[in-house]
Amino acid sequence: MIRLENINKFYQVGGKPLHVLKELSLTIETGEYVSIMGSSGSGKSTLLNILGILDDYDSGNYHLGGTLIRDLSETQAAQYRNAYIGFVFQSFHLLPFKNAIENVALPLYYRGISRKERNVTAMDFLDRVGLADRAHHLPSELSGGQKQRLAIARALISEPRIILADEPTGALDTTTSDEVMQVIEAVNASGITVIVVTHEQDIADRTSRIITLRDGAMAVDG
Ligand code: ADP
Ligand code: MG
């Protein structure tokens with residue numbers, strides 16, 4: 001499903017190139033449950049952004065579902081992103097003035113689906129993450145774990161094949177983290193490929209494979 005070959009990525013910092021991903025190669029098969037570890041600044045988010053077609057790379061090849069992802073137009077990038085990928089972020093990225101069902105339904109709004117159908121589908125996804133009884137709550141009226149489950153429901157509503165989660169439990173306590181990881185594991189059990197960036201060993205230990213980056217290069221894979 002995902003194949004990276006000798007990826008290099010540079011940022012320009014004060015007119016100087018900063019080499020942040022170095023000859024990175026990795027393959028992730030459909031249905032895998034993978035974590036990416038590494039200390040702060042090792043390139044985890046950069047890697048996730050490239051996988052999610054939010055950012056470009058400078059050399060190497062990225063194949064997603066057999067397609068070479070490189071130098072895409074904004075429109076093409078959005079098409080592949082929408083077809084393949086759901087994102088979950090540490091800070092949830094929910095709309096504060098929209099309630100739970102509206103937040104989950106938002107991706108369907110952009111696809112021009114009627115309000116009635118949006119609400120029925122959104123309710124189904126809220127139910128899957130155990131939030132059916134919170135449909136009319138604003139994000140500020142939800143706990144951290146509930147917010148993250150809501151964000152997962154929103155990621156799932158577009159029926160992605162891959163979920164990319166950047167520190168999904170980074171803002172949560174241990175009990176709540178477990179609750180969120182259980183939802184993520186149910187997502188993976190349904191056949192969706194899941195890639196979780198984390199710096200917490202106990203979170204990584206729950207996944208089937210741990211990829212460790214060190215200073216932008218592959219340190220451990222397995
Ligand atoms: P991690 O997620 O592992 O903490 P990042 O991928 O965010 O690491 O960052 C990797 C390196 O790239 C760091 O040295 C960081 O400072 C740098 N970096 C990240 N984003 C940018 C950017 N937009 N511009 C310049 N440098 C960046
Ligand atoms: Mg990061």
Side-chain angles (χ1 to χ4, degrees), residues 2-28 32-64 69-74 77-78 80-81 84-94 144-145 147-148 151-152 154-155 160 162-174 176-177 180-181 184 187-188 193-222:
I2 285 173
R3 186 153 50 91
L4 297 184
E5 295 164 339
N6 305 104
I7 294 288
N8 287 285
K9 167 76 179 175
F10 297 84
Y11 287 116
Q12 296 299 325
V13 181
K16 281 192 190 160
L18 179 68
H19 199 179
V20 289
L21 292 181
K22 300 170 182 167
E23 293 294 319
L24 201 65
S25 297
L26 71 95
T27 302
I28 296 173
E32 273 202 88
Y33 181 29
V34 179
S35 52
I36 299 173
M37 293 199 81
S39 54
S40 179
S42 59
K44 305 181 298 296
S45 294
T46 302
L47 171 58
L48 214 65
N49 289 343
I50 290 172
L51 293 176
I53 329 179
L54 293 170
D55 203 354
D56 223 332
Y57 51 96
D58 293 289
S59 66
N61 300 308
Y62 170 24
H63 286 90
L64 174 61
I69 303 297
R70 188 200 287 153
D71 301 330
L72 301 182
S73 68
E74 264 311 312
Y80 286 117
R81 212 182 294 130
Y84 277 95
I85 295 160
F87 294 96
V88 175
F89 302 96
Q90 174 172 359
S91 52
F92 321 121
H93 292 199
L94 298 167
K147 281 182 208 163
Q148 197 57 297
I152 294 169
R154 181 191 50 193
I162 304 169
I163 290 283
L164 300 179
D166 197 350
E167 306 267 9
T169 61
L172 308 176
D173 62 39
T174 312
T176 318
S177 292
V180 165
M181 290 309 288
I184 287 179
V187 168
N188 176 247
T193 307
V194 174
I195 304 174
V196 178
V197 164
T198 182
H199 58 255
E200 296 166 89
Q201 188 68 47
D202 56 332
I203 297 291
D205 286 341
R206 295 175 74 133
T207 68
S208 318
R209 173 178 164 200
I210 305 178
I211 290 167
T212 307
L213 298 185
R214 191 171 301 136
D215 195 21
M218 179 67 74
V220 186
D221 184 357

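All ligand and atom numbering here is 1-based and tracks the order in the structure. In what follows, every heavy atom counts, from backbone to side chain, and hydrogens, waters and symmetry copies are set aside.
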Judged by atom type as modelled, is there a donor-acceptor pair below 3.5 Å linking the side chain of S35 to the main-chain atoms of V196?
no
Using a 3.5 Å distance criterion without hydrogens, assess whether the side chain of K44 forms a donor-acceptor pair with backbone atoms of I36.
no
Nearest heavy atom to atom 6 (O) of ligand 1: which of D55, T46, L47, L213 does it belong to?
T46
In terms of its nearest heavy atom to atom 11 (C) of ligand 1, the top option of V20, D166, I50, I36 is V20
Per the side chain to side chain contact (heavy atoms under 4.5 Å, CB included) rule, which among I2, L4, V194 passes with I28?
I2
Does a side-chain heavy-atom distance below 4.5 Å link Q90 with V197?
no
Pairwise side-chain contact, R70 with Y62, heavy-atom cut-off 4.5 Å (strictly under)
no
Where is the tightest heavy-atom contact between P17 and F10, given as atom of each residue plus distance?
CB-CD2, 4.0 Å
What's the shortest heavy-atom distance between T169 and E200, and which atoms?
OG1-OE2, 2.9 Å
Is the closest N or O pair between S42 and ligand 1 shorter than 3.5 Å?
yes
Which residue owns the protein heavy atom closest to [atom], what's the atom, and how far is it?
atom	value
atom 15 (C) of ligand 1	L18 CD2, 4.8 Å
atom 7 (O) of ligand 1	S45 CB, 3.7 Å
atom 19 (C) of ligand 1	Y11 CE1, 3.4 Å
atom 8 (O) of ligand 1	G43 N, 3.3 Å
atom 4 (O) of ligand 1	G41 N, 2.7 Å

Check contact between G216 and ligand 1, using heavy atoms of the residue and a distance below 4.0 angstrom.
no
Mark whether atom 27 (C) of ligand 1 lies under 4.0 angstrom from at least one protein heavy atom.
yes
Test side-chain contact (heavy atoms from CB on, under 4.5 Å) applied to R206 and I184, step by step
CA-CA 11 Å; R206 295 175 74 133; I184 287 179; over 6 Å; no
Suppose we only count N/O/S atoms under 2.8 Å; would S45 qualify as near the Mg ion (ligand 2)?
yes
With atoms numbered from 1 as shown, which atoms in ligand 1 lie under 4.0 angstrom from a non-hydrogen atom of S39?
3 (O)
Once the angle between the rings of F87 and F89 is folded into 0 to 90°, is it parallel (under 30°), tilted (30 to 60°) or perpendicular (over 60°)?
parallel
The answer for which part of V13 has a heavy atom under 4.0 Å from ligand 1 is side chain
